[in-house]
Amino acid sequence: MAHNAKYDLTVLRRHGLDVTGPIDDTLLMAWLLDPSSRSLGLKALANDLLDWPMTELSELIGSGRKQITIDQVPIAQVGAYCGADVDVTLHLFDLLAPRLAAAGLLSLYHEIERPLLPILTDMEMAGVLLDSTFLGEMSVTFTKRLAEIDAELVSVVGHPFNLRSTQQLSQVLFDEMKLPTRGLKKTASGHYSTAADVLDGLAAAGDELNTSQQRGLMLILEHRQLEKLRGTYIDALPQLVNPDTGRIHTSFSQTGAVTGRLSSSNPNLQNIPIRTEIGREIRRAIVAPPGWTLISADYSQVELRVLAHIAHEELLIEAFANDQDIHAVTASKLFGVPLETVTKQQRGLGKTINFATIYGVSAFGLSSRTELTQQQAKQFLDQYFQTYPRIRDYIEVTLQQARELGYVQTLLGRKRFFPELKSRALPVNQRMAVERAAINAPIQGTAADIMKIAMIRLHQALIDGGFQTRMLLQVHDELVLEAPPDELEPVTNVIRTTMESAYVLDAPLKVDVEVGPNWRDLESL
DNA sequence: CCATCTGGCCAC
DNA sequence: AAACGTGGCCAGATGG
């Protein structure tokens, strides 16, 4: 039972023991009241919110251990605990429900978060099928290449050293190999950073480097990438296959993100590589069972659509209504050229600025992620806000609300509190960072709300339709399902329709559905 | 030995 | 590295 604590909980539940329900229920309520509260743990519930009866389990929790997994508790004790906590749950519910009602959060609890809970349990229990053999072969290839890099680096540097140690690496690069440190910042612990973008920058300004310095940088960057992929995914995932089910069972945390998003752990299946070709290979290992098909359904540009809706920005709404390429539209307005003549570079800049808006823009941030100087970035931003004036209004109104009320809200009423904006005087950098979070929270949070509604309705639609097709993963704007062959055509229609109608936005929701034998080789439908 | 922090980096 | 939001995991370093 030592492989996956959350999965063991679901096994207990299958045997009729309601283990997670009462606890997760109250956890959800406390989280909705303040998503950024750090005192959501069982111990906090026990000590701060009520007089938790000192069962053996809570004694164990109170014994000072910071982490506890259910497989350390004999089943008999868990059973006793379950018997004991019914009264406690009622007590907690009675305590928290009026608070939720007063905060206007009760419908969010009853209509979204609570119904979602058993669906997440279903998804965790379902798990995903992993092709461990494929990853094993990948591991061999990676290990060989890593050894080659290692050997060549030893000859370049002149002695062996631990590449994984940033301290040793910093010493090798900047003390021994004498790479230029001009303009480089030191990390908190005092040595020069060896982050990939720093090394990229050094390599790009390559004129003053000799060939062995250049070669060294390239080898280190390649080593980093391969190490990361091997350590985090290729070698880690097969170890997490549950011997009973033969599948991987992630844990979804419903209270893990302050914006209302889910998070995933043990393993995190929300950060499987996709952006580089070599990383993307790993997705071939997430497979459908023989004869079945994997379905990926993802919301297209959901956060920009949410922004267009919340801000009532007509130009954006219209572009989405006409199903136009939104980044190209932005670029065409920014550069004052017809849509058809927008170049790749121009579209790229449009994309960067569209994204930057969602995260809370600044000229500095924009210039650091583009070729633009800070001056040029400022001009582009002015032009952007002239094009989309209601977005500027949205930012202003949101910040004003955060300052006056101390919180911001999603379309469905989810709140995130910013007491520091209401009361405290902050250093300007910190204040601006908090303000960016406040600008982003309603957008990211509304997208999360919409996805949760879609999951609840889709779960029901799959039951109503008598489908065997089941939801396996959620990756913020994407759902991954597996379907038997005869259901594929009807069920993809159900998925698309359900997701697109989950919430009516002025900029209508759009879903791209893809199918295939694994998570890499998908074809659009 | 375990827990926590740090630097780095994967995703949306 | 970064004055662009939200997460989790890895290995190394550090401390009880």
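Just so it is clear, the model here is predicted, and its values are computed rather than measured. Residue numbers begin at 1 in each chain, while the letters A, B, ... track the order of the sequences.
- Between the CG atom of A/N266 and the C1' atom of C/dG8 there is a distance of 9 Å, given to the nearest Å.
- The distance from atom CD of A/Q444 to atom C1' of B/dA11 is 12 Å, rounded to the nearest whole Å.
- Comparing C/dA3, C/dC9, C/dT6 by their nearest atom to the side chain of A/T232 picks out C/dC9.
- For a distance-only test at 3.5 Å, the side chain of A/R164 fails to qualify as a donor-acceptor partner of the base of C/dC10.
- In this model, the phosphate group of C/dG5 is not approached by any side-chain N or O of A/R416 to a distance below 4.0 Å at OP1 or OP2.
- An OP1 or OP2 oxygen of C/dA13 is reached within less than 4.0 angstrom by a side-chain nitrogen or oxygen of A/S165.
- The side chain of A/R436 places an N or O atom within less than 4.0 Å of a non-bridging phosphate oxygen (OP1 or OP2) of C/dG5.
- Counting any heavy atom pair closer than 4.0 Å across all strands shown, A/R275 reaches a base atom.
- Residue contacts for A/V258: at a heavy-atom cut-off of 4.0 Å it reaches the sugar-phosphate backbone alone, with no base atom in range.
- Taking only side-chain nitrogens and oxygens, A/R224 comes nearer than 4.0 Å to OP1 or OP2 of B/dC9.
- With sequence neighbours left out, A/E176 forms a salt bridge (charged side-chain N to carboxylate O under 4.0 Å, His left out) with no residue at all.
- Considering only the side chain of A/N268, C/dC9 comes nearest among B/dC12, C/dG5, C/dC9.
- Look at CD on A/Q167: it is 12 Å from C1' on B/dC5, rounded to the nearest Å.
- Judged by atom type and distance alone, A/K228 reaches the base of B/dC9 through a side-chain donor-acceptor pair under 3.5 Å.
- Here A/R431 pairs with A/E435 in a salt bridge; the nearest charged N to carboxylate O distance falls below 4.0 Å.
- If you measure from atom CZ of A/F364 to atom P of C/dA3, you get 6 Å, rounded to the nearest angstrom.
- Toward the 5' end of DNA chain C, the nearer of the two residues A/S263 and A/A195, judged by each one's closest nucleotide, is A/A195.
- Using a 4.0 Å cut-off between a side-chain N of Lys or Arg and a carboxylate O of Asp or Glu, A/D325 and A/R347 qualify as a salt bridge.
- For the 3.5 Å distance criterion, the side chains of A/S264 and A/Q270 fail to qualify, holding no donor opposite an acceptor.
- Here A/I272 lies in heavy-atom contact (under 4.0 Å) with sugar-phosphate atoms only.
- The shortest distance between the side-chain N/O atoms of A/T187 and the OP1/OP2 oxygens of B/dG7 is below 4.0 Å.
- Salt-bridge formation is detected for the pair A/E113/A/R414: a Lys NZ or Arg NE/NH1/NH2 atom is positioned less than 4.0 Å from an Asp or Glu carboxylate oxygen.
- Nearest nucleotide to the A/T259 side chain, out of C/dT6, C/dC10, C/dG7: C/dT6.
- Look at A/E303 and A/R261 and you find a salt bridge, because one of the NZ, NE, NH1 or NH2 atoms lies within 4.0 Å of a carboxylate O, short of that distance.
- Within the 4.0 angstrom heavy-atom criterion, base atoms lie near A/V198.
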A/I295/A/L479 under side-chain contact (heavy atoms from CB on, under 4.5 Å): CA gap, chis, key distance, verdict: CA-CA 8 Å; A/I295 303 173; A/L479 287 177; over 6 Å; no

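- Among the heavy atoms of the strands lying under 4.0 Å from A/N162 are primed sugar atoms or P, OP1, OP2 only; no base atom is included.
- Separating the CG atom of A/L372 from the P atom of C/dA2 is a distance of 21 Å, rounded to the nearest angstrom.
- The residue A/I439 sits apart from the nucleic acid: no heavy atom pair falls under 4.0 Å.
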Chi angles and distances behind the side-chain hydrogen bond (donor to acceptor under 3.5 Å, both in side chains) call for A/Y503, A/T446: CA-CA 10 Å; A/Y503 196 87; A/T446 298; over 6 Å; no

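- Using a 4.0 Å heavy-atom criterion, one finds that A/A196 contacts the sugar-phosphate atoms exclusively.
- When each of A/M471, A/Q474, A/M455 is paired with A/L120, the side-chain contact (heavy atoms from CB on, under 4.5 Å) condition holds for A/M455 and for no other.
- Heavy-atom distances under 4.0 Å link DNA chain B to no residue of residues 384-398 of chain A.
- Using a 4.0 Å heavy-atom criterion, one finds that A/N271 contacts the bases of the nucleic acid, with or without backbone contacts as well.
- Remark: P of C/dG8 and CG of A/L269 are 13 Å apart, rounded to the nearest angstrom.
- Contact check of residues 348-360 of chain A against DNA chain C (heavy atom, cut-off under 4.0 Å) returns A/A356, A/Y359, A/G360.
- No side-chain donor from either of A/H249 and A/N242 sits under 3.5 Å from a side-chain acceptor of the other.
- Counting heavy atoms from C-beta on, the side chains of A/I274 and A/R520 never come closer than 4.5 Å.
- When the P atom of B/dT6 is taken as reference, atom NZ of A/K186 falls 18 Å away, rounded to whole Å.
- The side-chain heavy atoms of A/F134 and A/E281, taken from C-beta on, include a pair separated by under 4.5 Å.
- Heavy atoms of A/D477 sit under 4.0 angstrom from primed sugar atoms or phosphate atoms, though from no base atom.
- Spacing of P atoms, C/dA2 relative to C/dT6, comes out at 15 Å, to the nearest Å.
- To the nearest angstrom, C1' of B/dC12 lies 7 Å from CD of A/E303.
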